[in-house]
Amino acid sequence: MAAAATDHQNPNRDDFDIDLDLDLLQRQRQRRRRSYGRYEILNEISRGSYGVVYRAHDNKNEETVAMKQEFRGLCDSTLTEIKILKYLPRHPSIIEFKRVVHDGVRNRFFVVMEYLEYDLKRYIKARNEAFAVSEIRYLMKQLLEGVAFLHKQGVMHRDLKPANILINSKAQLKICDFGCSAPLRDREYSPRVGTRWYRAPELLRGSRSYSSAVDMWSVGCIMGELVLNRPLFPGESNDHQLPCIHQVMGLPLKMPSLTRSGVDLLQRLLAYHPHNRITARDALNHAWFTEQLL
């Protein structure tokens with residue numbers, strides 16, 4: 001009886017080794033399921049109706065990357081983004097496209113891009129205090145440099161918003177998500193682009209003939225949001241968006257952290273008529289970026 005009790009308390013070592021081997025095999029299988037060639041999935045970053053974005057490790061280059069999987073495969077917006085990013089020269093304010101990876105087992109495609117820790121929407125939401133003017137100037141300068149570069153290359157982004165701007169822990173900013181982008185040509189475009197709170201008045205009115213000024217309106221909305229720590233024109237519906245803009249712009253812009261020069265730049269970005277809206281290049285030369293901070 002005593003021997004039996006001893007055997008119960010000290011299980012056979014071979015059985016223990018088998019359990020360890022099975023556990024190791026299961027972990028290896030899980031690891032293989034979450035690896036795609038040289039890329040190992042680390043965690044999910046975001047998920048929406050369009051697809052999911054993962055953080056992954058590139059085992060070849062020993063770097064962290066972002067891998068975006070569209071639920072519909074390589075749809076038109078994804079192909080547009082890939083085409084534009086492959087066409088554009090490298091720029092410090094534009095996300096870097098790396099390659100497309102195909103999972104032949106499940107017939108899934110992943111677009112591999114440069115990884116940054118946050119998007120500006122979450123970055124703003126996570127802050128417990130307002131941005132300092134020096135921080136706003138630093139972010140706006142990077143954003144305007146990226147937009148000026150795009151327009152010089154003949155590209156309209158058409159969906160600039162905080163969620164489509166990535167930022168890292170050093171406040172380095174990069175524009176991403178080019179699925180709605182279009183070349184700047186003398187032709188008609190669809191007015192059904194952009195996200196409501198950042199959509200220019202001419203788009204809300206249904207204009208099909210517009211210019212890169214639609215991006216500058218969005219930049220102005222982003223600048224206002226950085227100052228206020230909340231959206232500038234939070235319309236409740238498409239029908240309500242224009243009245244919301246008229247209501248806010250009909251009142252004196254109360255931007256306590258901005259100097260008169262800063263308010264002037266914001267107003268030039270948010271000029272109602274697109275012909276009066278400042279360009280990205282001219283905005284970079286605005287006095288607000290060089291005036292002495294108190």
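Everything numeric in this text was worked out from a predicted model, so none of it was measured.
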Test: Arg260 and Asp264 ion pair at under 4.0 Å: no
I want to know whether Trp217 and Phe233 have ring centres closer than 6.0 Å. yes
Treating Tyr189 as the side-chain partner and Pro183 as the backbone partner, does any N or O pair qualify as donor plus acceptor under 3.5 Å? yes
Aromatic centroids of Tyr39 and His57 separated by under 6.0 Å: no
Should the pair Arg196-Glu236 be classified as a salt bridge under the 4.0 Å nitrogen-to-oxygen rule? no
Side-chain (Lys161) to main-chain (Tyr198) donor-acceptor, under 3.5 angstrom: no
Would you say the side-chain atoms of Tyr87 pair up with the backbone N or O of Gln153, donor to acceptor, closer than 3.5 Å? yes
Same apolar cluster (I L V M F W Y, side chains within < 4.5 Å links), Leu85/Leu116: yes
Distance under 6.0 Å and angle within 45° of the ring axis: does Arg127 meet both against Phe131? yes
Does the distance from a Lys or Arg side-chain N to an Asp or Glu carboxylate O, for Glu225 and Arg230, drop under 4.0 Å? no
Ion pair present between Asp103 and Arg106, side-chain N to carboxylate O less than 4.0 angstrom? no
Taking only Lys NZ, Arg NE, NH1 and NH2, and the carboxylate oxygens of Asp or Glu, determine whether Arg55 and Glu44 approach each other closer than 4.0 Å. no
Do any N or O atoms from the side chain of Ser261 and from the backbone of Trp288 form a donor-acceptor pair under 3.5 angstrom? yes
Hey, is Lys98 close enough to Glu96 for a salt bridge, meaning N to O under 4.0 Å? yes
Pick one: which of Val193, Leu150, Val214, Val147 meets side chain to side chain contact (heavy atoms under 4.5 Å, CB included) with Met156? Val214
Find out if a path of hydrophobic residues (ILVMFWY) with successive side-chain heavy-atom gaps under 4.5 Å connects Ile136 to Phe289. yes
